[in-house]
Q: 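Got a structure for you, questions after.
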Amino acid sequence: RVAFVGPKPDHVLMMRREDGFFAQGRRRGLQVERFVESPSDGWALPLKPPLTTDSVQALINKLIEATPRITALFAASDSVAAMCYRALAVRGLRVGEDISVISGNNDTALIQSLYPDLTTFDIHARKLGQLAVSQLASRLSSKTALPDIELTLEPTLVEGESVASIDT
């Protein structure tokens with residue numbers, strides 16, 4: 001059983017990743033659970049990121065208590081994965097042995113101190129930024145209207161040791 005963990009239900013990127021994760025999981029016949037913090041009284045503006053690990057710890061506590069047992073989790077981002085590492089350790093679980101963890105962004109400055117190394121998707125943020133600036137510059141320098149185009153960058157899996165080998 002696999003789970004999606006996201007402490008910010010109002011975050012557009014996390015919502016898109018959640019939708020994509022659920023869709024792919026269903027296509028592959030997986031039972032996917034959702035551990036997402038829901039705002040109890042609506043959203044207060046301005047929206048704030050989780051400043052403590054308390055919200056992630058509460059989600060991980062629910063995840064651990066789920067039956068049947070969750071064997072792997074997809075964290076909405078590398079920053080969420082880092083908080084999950086801590087929350088799992090508090091509960092005595094070893095990432096890469098007792099439970100698998102994978103996330104997205106490949107934010108090396110953030111994840112380089114995680115042990116075991118995190119398995120993550122590199123979204124190529126630098127290249128994406130370069131393409132965006134290039135497109136903006138082209139539009140600003142053109143005397144005529146340019147056609148709309150859609151550019152995509154395929155993410156790349158960066159394998160770490162955070163995915164357990166499960167004997168069946």
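Values reported hereafter were calculated over all heavy atoms of this structure, with side chains retained and with hydrogens, waters and symmetry mates removed.
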Q: Have a look at Val5 and tell me which of Ile70, Leu59, Val36 forms a side chain to side chain contact (heavy atoms under 4.5 Å, CB included) with it.
A: Leu59

Q: Please give me the minimum heavy-atom distance between Ile60 and Cys84, naming the atom from each residue.
A: CD1-SG, 3.9 Å

Q: Using modelled atom types and a 3.5 Å cut-off, is there a donor and acceptor pairing between side-chain atoms of Arg1 and backbone atoms of Gln31?
A: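 Checked: no pair found.
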
Q: Hey, does Thr120 have a side-chain heavy atom less than 4.5 Å from the side chain of Ile111?
A: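 Of all side-chain heavy-atom pairs linking Thr120 with Ile111, at least one is under 4.5 Å.
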
Q: What distance do Leu63 atom CG and Leu88 atom CG have between them, rounded to the nearest 0.5 Å?
A: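 The CG atom of Leu88 is 7.5 Å from CG of Leu63, to the nearest 0.5 Å.
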
Q: State the CG-CD distance between Leu73 and Glu33, to the nearest 0.5 angstrom.
A: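 Here the interatomic distance stands at 12.5 Å.
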
Q: Around atom CD of Glu65, are there more than 12 heavy atoms of other residues, nucleotides or ligands at under 6.0 Å?
A: yes

Q: So, do Phe22 and Phe4 sit near enough that their side-chain heavy atoms are less than 4.5 Å apart?
A: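 Yes. Closest side-chain heavy atoms under 4.5 Å.
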
Q: Using 0.5 Å steps for rounding, measure from the CZ atom of Arg26 to the CG atom of Leu30.
A: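 Rounded to the nearest 0.5 Å, the CZ-CG separation comes to 11.0 Å.
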
Q: Ignoring hydrogens and angles, tell me if any N or O in the side chain of Tyr85 forms a donor-acceptor pair with the backbone of Pro116 under 3.5 Å.
A: yes

Q: Could you tell me which non-hydrogen atom of Ser103 sits nearest to which non-hydrogen atom of Ser77, and how far apart they are?
A: CB-O, 3.7 Å

Q: Quick one: does Ser141's side chain have a donor or acceptor within less than 3.5 Å of a partner on Ala137's backbone?
A: yes

Q: Under 4.5 Å between side-chain heavy atoms, hopping through other hydrophobics if needed: is there a path connecting Val80 to Ile123?
A: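 No.
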
Q: Would you find a donor on one side and an acceptor on the other, under 3.5 Å apart, between the side chain of Thr156 and the backbone of Asp122?
A: no

Q: If you draw a 6.0 Å radius around CZ in Arg139, do more than 12 non-hydrogen atoms from other residues or ligands fall strictly inside?
A: yes

Q: Could you grab the distance from atom CZ of Arg27 to atom CD of Gln24, nearest 0.5 Å is fine?
A: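 So the gap between those two atoms works out to 4.5 Å.
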
Q: When you group the ILVMFWY residues by side-chain heavy-atom contacts below 4.5 Å and let the links chain together, are Ile99 and Ile64 in the same group?
A: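 Hydrophobic grouping puts Ile64 with Ile99.
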
Q: Has Glu159 got more than 12 heavy atoms of other residues, nucleotides or ligands less than 6.0 Å from its CD?
A: no

Q: Parallel, tilted or perpendicular, judged at 30° and 60°: which one describes the rings of Phe74 and Phe21?
A: parallel

Q: Output side-chain donor-acceptor pairs under 3.5 Å for residues 89-96, partner residues at least two apart or in another chain, one line each.
A:
from: Arg91; atom 1: NH1; to: Asn61; atom 2: OD1; distance (Å): 2.9
from: Arg94; atom 1: NE; to: Asp98; atom 2: OD2; distance (Å): 3.1
from: Arg94; atom 1: NH1; to: Glu97; atom 2: OE1; distance (Å): 3.0
from: Arg94; atom 1: NH2; to: Asp98; atom 2: OD1; distance (Å): 2.9

Q: Please report the closest heavy-atom contact between Arg17 and Ala76, naming both atoms and the distance.
A: NH1-O, 2.8 Å

Q: Heavy atoms, side chains only, cut-off 4.5 Å: are Gln57 and Met83 in contact?
A: no

Q: I need the minimum non-hydrogen distance between Ala81 and Val101, along with the two atoms involved.
A: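 Ala81 and Val101 have their closest heavy atoms at CB-CG1, 4.3 Å.
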
Q: Counting N and O atoms only, with roles assigned by atom type, does the side chain of Ser162 sit under 3.5 Å from a partner on the main chain of Thr119, one being a donor and the other an acceptor?
A: yes

Q: When you measure from the side chain of Thr67 to the backbone N and O of Arg69, does any donor-acceptor pair fall under 3.5 Å?
A: no

Q: Would you confirm whether Ser100, through its side chain, and Ala164, through its main-chain N or O, come within 3.5 Å as a donor-acceptor pair?
A: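 Side chain of Ser100 to backbone of Ala164, a donor-acceptor pair under 3.5 Å: yes, one is there.
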
Q: Could you check whether any side-chain N or O of Asp107 sits under 3.5 Å from a backbone N or O of Asp78, counting only pairs where one atom can act as donor and the other as acceptor?
A: no

Q: Is Leu128 linked to Leu151 within one hydrophobic cluster, defined over Ile, Leu, Val, Met, Phe, Trp and Tyr using a side-chain heavy-atom separation of less than 4.5 Å?
A: yes

Q: Please check this pair: side chain of Arg34 against backbone of Glu18, looking for a donor-acceptor N/O pair closer than 3.5 Å.
A: no

Q: Test Gln135 against Leu146 for side chain to side chain contact (heavy atoms under 4.5 Å, CB included), laying out the working first.
A: CA-CA 10 Å; Gln135 289 300 306; Leu146 297 174; over 6 Å; no

Q: Determine, step by step, whether Ser79 and Leu110 satisfy the side chain to side chain contact (heavy atoms under 4.5 Å, CB included) criterion, reporting the C-alpha distance in whole Å, the side-chain angles of both residues, the deciding distance to 0.1 Å, and the verdict.
A: CA-CA 7 Å; Ser79 61; Leu110 177 67; 3.6 Å; yes

Q: Grouping I, L, V, M, F, W and Y whenever their side-chain heavy atoms are under 4.5 Å apart, do Ile102 and Val32 come out in a common cluster?
A: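 Yes; Val32 is reachable from Ile102 via cluster members.
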
